[in-house]
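Input: a single structure, listed below in structure tokens.
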Amino acid sequence: MHCLIGRALAAAAVLVMVAGCGVQSPPSQIPASFSHSNYSRGQAAAVLPADRFVATLIPSHGQSGAKHSSWIRPAAKRQNLVYITDFENNVVNVYSYPAGKLVGSIGGFEGPEGACADPSGNVWIADQDHFQIHEFAHGVTKPLTTLTLQNQLVDGCSVDPSSGALAVDSYCQVSAYSCIGNGSVFLYANITDQPKQYSVLNAANVYFSGFDSKGNLFVDAFETPGAGPFELAELQKGSSNFESISVDRHIYFPGGVQWDGTYLAVGDQQAGNELTSSVHQIAINGRTGTVVSTTKLQGVEDVVQFWIQGSTLVVPNIGLRAADARLYKYPTGGSPTVIASGFGEPLGSAVSLAATKRDARK
């Protein structure tokens, strides 16, 4: 179980989690490389109540330290692309979008997690165990920029479309692979300058962030390490503090956060406290969030960080039967189109449009 962002599932009726994630035990011991595996493939799974979590230290993900060469087809620069992070295999696969043809692969990561893209088509990838986040130009495998946040477990990011500012999400501050400080958000007004660090209320663990069209930043979090309750917070543009938003729906486990143009889309990795995930469209009015509709992701088991591209939802799915990438109609949901498979643990996704498509959109 990857305690940073994975939800509470059980393998053969016993939930295995990194020590300290589901229970309170100082300090929370975290192995050098996390495992996001919520289960053992091929075994029956069952959801356990939160108070029945069994805390057991487990080894790092299977491909820890494995080296993967990077490659990409020259034609990829002229195509729309979707980037899918594979935490278990330490690689980010690049596919044509929406066809899902593999056109490239980027190695060199140690625990790639969340992803985001800016209006110019550059893609940022959170590299958890290296305490870094990397920027890649559209269709290029060598990073344009690498930002290091020492001793911060980087798990996600978002880009302000109004200013280009970058928000980097940290699950928690660590020392010797133990969480010693709460999670936070690092805001880069310009990536050449030092970021400003923001605490998210009293949240112990920060998951994902997303900007709206006006540059307001929203973040979901857990107040208690790995166990809740769920919190949604907003940093209004120009403000110095996050403020709490009360949501009228219980969200069991924080997932991705993204502005869809009208509503704030917030994922629930454990929708209804069941072995599935969903995405809520939330209308924000001051300090109140009202769920106006819910996209049910038919057939998924754990969706960590999705990506909304117009009327399409890109979903990396971690499942007992399959680990794949799917497309759903947004916000209606329904039956998916599977565009890629064969992953270890697909966690994050981002779509990057080719230059001609970006120009046509302006």
Side-chain angles (χ1 to χ4, degrees), residues 1-2 5-7 9 11 35-45 61-63 66 68 76 79-107 109 111-117 123 125-126 156 208 253 255-256 258 265 267-271 274-279 295-352:
M1 175 73 181
H2 180 199
I5 50 183
R7 60 187 165 85
L9 301 184
S35 172
H36 186 83
S37 297
N38 304 335
Y39 43 70
S40 299
R41 295 191 186 281
Q43 295 182 2
H61 52 286
Q63 299 299 320
H68 297 271
Q79 298 175 297
N80 294 334
L81 303 174
V82 57
Y83 293 68
I84 306 292
T85 68
D86 189 336
F87 181 88
E88 180 176 312
N89 292 315
N90 289 325
V91 69
V92 176
N93 286 333
V94 184
Y95 302 88
S96 61
Y97 177 81
K101 179 180 178 181
L102 182 65
V103 296
S105 182
I106 306 173
F109 298 95
E113 296 199 12
C116 61
V123 175
I125 305 291
F208 297 102
F253 206 104
Q258 189 177 350
D268 186 345
Q269 293 189 54
Q270 195 172 344
E274 299 291 339
L275 192 67
T276 189
S277 301
S278 63
V279 177
T295 304
K296 296 181 179 180
L297 305 177
Q298 181 176 317
V300 306
E301 295 177 27
D302 190 357
V303 176
V304 178
Q305 184 251 313
F306 55 83
W307 184 264
I308 300 169
Q309 189 64 37
S311 60
T312 301
L313 192 65
V314 181
V315 171
N317 170 48
I318 307 170
L320 281 168
R321 294 173 293 278
D324 54 34
R326 305 170 171 215
L327 303 181
Y328 290 83
K329 293 180 181 179
Y330 180 81
T332 56
S335 299
T337 299
V338 176
I339 61 168
S341 59
F343 299 98
E345 293 170 295
L347 301 190
S349 60
V351 171
S352 170

Problem set entry | Residues in side chain to side chain contact (heavy atoms under 4.5 Å, CB included) contact with A76, at least two apart in sequence or another chain | I72, Q79, L81, V103
Exercise. If every non-hydrogen atom of I125 is compared with every non-hydrogen atom of V92, which pair is closest and at what distance?
Worked result: CG2-CG2, 3.9 Å
Problem set entry | Partners passing side-chain hydrogen bond (donor to acceptor under 3.5 Å, both in side chains) against Y328 (at least two apart in sequence or in another chain) | R326
Problem set entry | Set of residues satisfying side-chain hydrogen bond (donor to acceptor under 3.5 Å, both in side chains) with respect to Y83, sequence neighbours excluded | none
Exercise. Can you list the residues that meet the side chain to side chain contact (heavy atoms under 4.5 Å, CB included) rule with A265, with sequence neighbours excluded?
Worked result: V279, F306, I308, Y330
Problem set entry | Partners passing side-chain hydrogen bond (donor to acceptor under 3.5 Å, both in side chains) against T312 (at least two apart in sequence or in another chain) | none
For this session: To the nearest 0.5 Å, tell me how far I106 CD1 sits from T85 OG1.
Result: 11.0 Å
Problem set entry | N/O donor-acceptor pair under 3.5 Å between D268 side chain and F253 backbone | yes
Seminar exercise, completed: Scanning both residues in full, the closest heavy-atom pair of V300 with T276 reads O-OG1, 3.5 Å
Exercise. So, the side chain of T295 versus the backbone of P331: is there a donor-acceptor pair under 3.5 Å, distance only?
Worked result: yes
For this session: Determine yes or no for a side-chain-to-main-chain donor-acceptor pair under 3.5 angstrom, with N90 supplying the side chain and G111 the backbone.
Result: yes
Exercise. Which atom pair, heavy atoms only, marks the closest approach of A323 to P346?
Worked result: CB-CD, 3.7 Å
Exercise. Can any side-chain N or O of S96 pair as donor or acceptor with the backbone N or O of K101 at less than 3.5 Å?
Worked result: yes
For this session: Nearest 0.5 Å please: distance from the CD atom of E113 over to the CG atom of L347.
Result: 6.0 Å
Problem set entry | S278: side-chain hydrogen bond (donor to acceptor under 3.5 Å, both in side chains) partners, not counting sequence neighbours | none
Exercise. Within the side chain of Q305, is there an N or O that forms a donor-acceptor pair under 3.5 Å with the backbone of A115?
Worked result: yes
Problem set entry | Smallest separation among heavy atoms of V303 and S277, with atom names | N-OG, 3.0 Å
Exercise. Can you tell me how far OG of S341 sits from CG of N317, rounded to the nearest 0.5 angstrom?
Worked result: 11.5 Å
